[in-house]
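This report concerns only the one structure given below.
The shown structure was predicted, so the numbers you read here are calculated from the model rather than taken from an experiment. A note on names: the letters A, B, ... follow the listed sequences, proteins ahead of strands, and every chain is numbered from 1.
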Amino acid sequence: MTEEVRVRYAPSPTGFLHIGNARTAIFNYLFARHAGGKFVIRIEDTDQKRNVEGGEESQLKFLKWLGLEWDESVDIGGAFGPYRQMERLDIYKKYYQELLDKGFAYKCYCTPEELKEEREQQMAHGQTPGYSGKCRHLTPEQIAAFEAEGRKPTLRFRVPEDETIEFNDMVKGHVTFHSSDVSDFVIVKQNGVPTYNFAVVVDDHLMKMTHVLRGEEHISNTPKQIMLFHAFGWQEPTFAHMTLIVNENHKKLSKRDNSIVQFIEQYKNMGFLPEALFNFITLLGWSPKGEEEIFSRDEFIKLFDAERLSKSPAMFDKSKLEWMNGQYITKMPEDDYVAMTIPYLVNAGLLPQEMTDAQKDWARRVVLLYKEQLHYGAEIVQLSDMFFNKTILKTELTKDEEKILSGEQASDVLSAFNRELKALDSWTAEVIAPLIKVVQKETKQRGWKLYMPIRVVATGSQHGPELPEALELLGRDLVLKRMDAYLEKQQTV
RNA sequence: AGGGCGUUGGGCAAGUGGUUAAGCCAAUGGAUUCUCAUUCCAUGAUCGCGGGUUCAAUUCCCGUACGCCCUCCCA
């Protein structure tokens with residue numbers, strides 16, 4: 001019988017969910033679901049100083065928003081709880097006591113200051129920084145003396161002298177470390193709380209994790225953890241160290257990096273869709289077999305294969321994300337699209353909070369004009385700008401606009417069109433469109449020379465959606481005012 | 001400084017001991033269109049560098065450069 005696959009995403013609540021976190025969570029999730037196994041979320045909150053208020057909540061909230069579901073965690077419980085490390089202190093105690101009793105660990109009375117100085121000395125002499133092992137063989141008298149001083153010890157793991165630690169990484173292949181490159185590391189801090197490297201091992205064992213998929217930055221922690229597994233006589237899980245995600249400068253994405261939008265919440269606020277983000281993030285450091293790039297969550301579950309995790313760093317390509325999100329927006333149901341975009345216009349003060357049915361309908365039509373080209377929700381504000389800018393007569397024209405209006409034909413076209421528009425008793429794209437043809441016949445102008453003058457004067461911009469519909473939505477009043485104002489100015493000049 | 005890992009066109013990325021070295025994004029050029037957008041077509045890599053193994057290497061081995069990660073009483 002094969003063991004049930006169990007994997008976990010183990011965030012520390014030191015911040016909100018960012019791209020890197022999300023990627024790790026997604027891969028674990030896909031791996032578990034693909035194998036029909038369990039996906040667990042465990043909160044690693046042993047660094048109380050760095051924990052931030054709301055961090056844990058935010059992690060779960062945005063994971064859920066992205067479409068992940070988990071089988072065990074702080075919020076829904078499970079058979080292997082508690083799932084918050086600070087609630088597992090008693091459990092850890094039993095295990096580190098065991099290591100102490102068996103001589104795998106010892107008490108270290110060095111102060112942080114002493115250690116820091118030691119490190120700096122080593123660096124200054126060009127040596128590899130690392131703990132010297134000073135407290136490895138303390139006599140009972142020395143210990144008593146330290147205790148009498150009121151010093152509180154940390155617990156350090158006694159790293160074996162001359163041992164090769166190796167493992168088969170699902171991504172990197174065979175990886176080897178030598179124990180002499182690892183110095184005795186702290187497993188329990190002065191305050192009695194275990195460190196990450198210790199707690200992970202105990203938890204992963206107790207929670208029966210079969211695989212550990214995590215970021216590559218953990219690869220050098222792995223030998224430490226393996227030594228702990230061995231000290232306990234436990235079988236270590238299979239490791240998979242995923243590529244880092246790097247920014248445009250090829251640096252690891254860090255929470256403090258401002259060159260890139262990091263947090264899932266920010267993407268949500270900008271109007272990125274969870275499906276698109278999920279899709280995009282999954283393609284960071286992993287690739288499917290064929291040529292397709294757009295996949296649903298269920299398709300990913302079916303396809304996911306850890307063999308195809310890539311070894312080299314993935315760069316976060318914002319423009320591709322925008323493209324991908326645009327693909328999802330294009331396929332979105334119209335109602336959803338409208339519901340997503342309108343709030344951005346309201347927030348920008350361009351639309352009233354409370355709208356009449358007519359206003360709603362108008363806004364809907366405006367917004368729908370851009371459905372195919374919108375990359376993300378917030379972009380609607382700039383894209384639809386021409387429907388909210390009520391300037392009658394532009395005073396400053398761009399070079400192109402000047403060129404468009406300077407032609408002799410421009411005024412003819414404009415006055416002819418203006419006259420036709422005024423004769424209209426209704427105002428819809430359907431009745432406006434034929435008028436352009438009428439003007440075409442009358443002035444013998446067509447194409448660029450026909451449309452552009454009208455567009456520039458009536459809409460105030462040389463770019464925009466289909467002219468007749470744009471004019472309809474701009475409204476009769478505004479369009480006529482603009483044309484009149486322009487023509488009048490032409491005459492006075 | 002030590003250890004680990006990586007290196008395929010601007011970005012992502014597939015792939016193989018002998019191929020025209022996929023595909024996507026971006027860029028540029030072109031076609032269509034009143035413009036933007038859309039759509040379509042086109043354009044670009046001697047696979048970091050040097051050596052070796054081999055009839056043959058981007059693919060295997062060694063070295064080197066560069067990059068990144070770790071070396072914390074952070075995770």
Side-chain angles (χ1 to χ4, degrees), chain A residues 10-14 44-47 49-50 85 108 110-112 115-116 119 122-123 125-131 152-156 169 171-173 175-178 180-183 185-191 193-197 199-200 214-224 241 243-244 246 248-252 280 283-294 308 310-324 326 330 369-374 383 400 404 436 446-456 459 461-467 470:
Chain A
S12 64
T14 53
E44 310 214 324
D45 53 353
T46 53
D47 187 352
K49 271 170 263 160
R50 296 195 194 187
Q85 290 188 324
C108 168
C110 299
T111 64
L115 293 171
K116 194 177 166 210
R119 253 197 310 276
Q122 289 166 328
M123 297 280 258
H125 292 264
Q127 289 168 314
T128 306
Y131 179 63
K152 284 214 177 109
T154 60
L155 249 45
R156 281 184 188 272
D169 191 282
V171 179
K172 308 287 184 184
V175 181
T176 311
F177 287 88
H178 197 83
S180 57
D181 295 317
V182 182
S183 58
F185 55 94
V186 174
I187 57 174
V188 180
K189 302 180 240 183
Q190 221 170 35
N191 62 6
V193 178
T195 59
Y196 160 76
N197 280 122
V200 172
R214 71 213 324 186
E216 187 181 295
E217 71 267 27
H218 286 294
I219 207 159
S220 18
N221 284 322
T222 309
K224 297 180 186 171
H241 287 97
T243 320
L244 262 11
V246 296
E248 276 101 344
N249 300 319
H250 300 278
K251 292 264 200 275
K252 174 186 163 190
F280 178 74
L283 263 19
L284 247 29
W286 182 83
S287 64
K289 198 157 182 146
E291 295 177 357
E292 290 294 308
E293 301 258 359
I294 307 283
R308 298 187 65 84
S310 98
K311 290 182 179 195
S312 47
M315 186 174 287
F316 188 89
D317 184 350
K318 190 181 162 223
S319 70
K320 189 158 179 176
L321 202 214
E322 290 186 356
W323 165 79
M324 191 170 279
T330 303
L369 251 20
Y370 299 97
K371 187 161 181 279
E372 280 195 8
Q373 59 180 293
L374 194 75
L383 274 182
D400 284 343
I404 288 163
I436 299 177
R446 38 188 224 144
W448 187 85
K449 294 192 165 186
L450 170 67
Y451 279 82
M452 287 312 272
I454 300 176
R455 177 177 286 285
V456 169
T459 74
S461 166
Q462 57 172 317
H463 303 304
E466 293 290 318
L467 195 50

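Counting non-hydrogen atoms under 4.0 angstrom, A:Thr176 reaches the backbone sugars and phosphates but no base. Within the 4.0 angstrom heavy-atom criterion, no nucleotide atom of any strand lies near A:Leu155. Among the heavy atoms of the strands lying under 4.0 Å from A:Asp181 are primed sugar atoms or P, OP1, OP2 only; no base atom is included. As judged by a 4.0 angstrom heavy-atom cut-off over every strand, A:His241 is placed among residues making no nucleic acid contact. Among the heavy atoms of the strands lying under 4.0 Å from A:Pro313 are primed sugar atoms or P, OP1, OP2 only; no base atom is included. Residue-level contact check: A:Val200 touches neither bases nor backbone, having no heavy atom under 4.0 Å from any strand. Among the heavy atoms of the strands, none lies under 4.0 Å from A:Asn197. Residue A:Gly447 is classed as a sugar-phosphate contact, given heavy-atom separations below 4.0 Å to backbone atoms only. Contacts of A:Ile219 with the nucleic acid, taken as non-hydrogen atoms under 4.0 Å apart, involve only primed sugar atoms and P, OP1 or OP2. Using a 4.0 Å heavy-atom cutoff across all strands shown, A:Cys110 reaches at least one base atom of the nucleic acid. Counting any heavy atom pair closer than 4.0 Å across all strands shown, A:Glu293 reaches a base atom.
Comparing the P positions of B:G3 and B:C72 gives an interatomic distance of 16 Å, to the nearest angstrom. With both ends at atom C1', the span from B:G48 to B:A75 equals 33 Å, rounded to whole Å. Comparing the same atom, C1', in B:U58 and in B:C47 gives a spacing of 4 Å after rounding to whole Å. As rounded to the nearest Å, B:A22 and B:A45 have C1' atoms that lie 13 Å from one another. The separation of B:A56 from B:A14, taken at their C1' atoms, amounts to 23 Å, rounded to a whole angstrom. Rounded to a whole angstrom, the distance from the P atom of B:G4 to that of B:U64 is 13 Å. Straight-line distance between the P atoms of B:G50 and B:A65: roughly 15 Å, to the nearest whole Å.
Among all heavy-atom pairs drawn from A:Arg455 and A:Thr459, the shortest one is O-OG1, 2.6 Å. Nearest heavy-atom pair across A:Leu284 and A:Phe316 is CD2-CD1, 4.0 Å. Considering all non-hydrogen atoms of both residues, A:Glu293 and A:Lys320 come closest at OE1-NZ, 3.4 Å. Closest approach of A:Val200 to A:Gln85, counting heavy atoms only: N-NE2, 4.1 Å. Here the shortest heavy-atom pairing between A:Ile219 and A:Phe177 reads O-CZ, 3.7 Å. Residue A:Pro288 comes nearest to A:Arg308 through the heavy atom pair O-NH2, 3.1 Å, listed as atom of the first residue, atom of the second, then distance.
Taking atom NZ on A:Lys224 and atom C1' on B:G3, their separation rounds to 11 Å, with Å as the unit. Rounded to whole Å, atom P of B:U71 lies 16 Å from atom NZ of A:Lys116. In this entry the distance linking CZ of A:Phe177 with P of B:G2 reads 16 Å, nearest Å. To the nearest angstrom, P of B:G6 lies 16 Å from CD of A:Glu217.
Using N1 to N3 plus N6-O4 or O6-N4 for Watson-Crick, or N1-O2 and O6-N3 for G-U wobble, each under 3.5 Å, B:U54 pairs with nothing. Across all strands shown, the partner of B:G2 is B:C70, judged by Watson-Crick or G-U wobble contacts whose two distances both fall under 3.5 Å.
For A:Trp323, the listed nucleotide lying nearest its side chain is B:A26; candidates were B:C73, B:A26, B:C34.
Judged by distance alone with a 3.5 Å cut-off, no donor-acceptor contact links the side chain of A:Asp317 to the base of B:A26.
Counting only heavy atoms from C-beta outward, the side chains of A:Pro465 and A:Tyr370 approach each other to under 4.5 Å. Using a 4.5 Å heavy-atom cutoff, the side chains of A:Leu467 and A:Ile454 are in contact.
Comparing A:Ser183 and A:Tyr196, the nucleotide of RNA chain B nearest to each residue sits closer to the 5' end for A:Ser183. Positionally, the nearest nucleotide of RNA chain B for A:Leu244 lies more toward the 5' end than for the other of A:Tyr131 and A:Leu244.
For B:G11, the OP1/OP2 oxygens have no side-chain nitrogen or oxygen of A:Lys320 closer than 4.0 Å. Taking side-chain N and O atoms only, A:Lys189 has a distance below 4.0 Å to OP1 or OP2 of B:A75.
With centres under 5.5 Å and a plane angle under 30°, the ring of A:Tyr451 is stacked against the base of B:C34.
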Short N/O separations, protein against nucleotides 14-17 of chain B, under 3.5 angstrom:
from, atom 1, to, atom 2, distance (Å)
B:A14, OP1, A:Ser287, OG, 3.1
B:A14, O3', A:Arg308, NH2, 3.3
B:G15, OP1, A:Arg308, NH1, 3.1

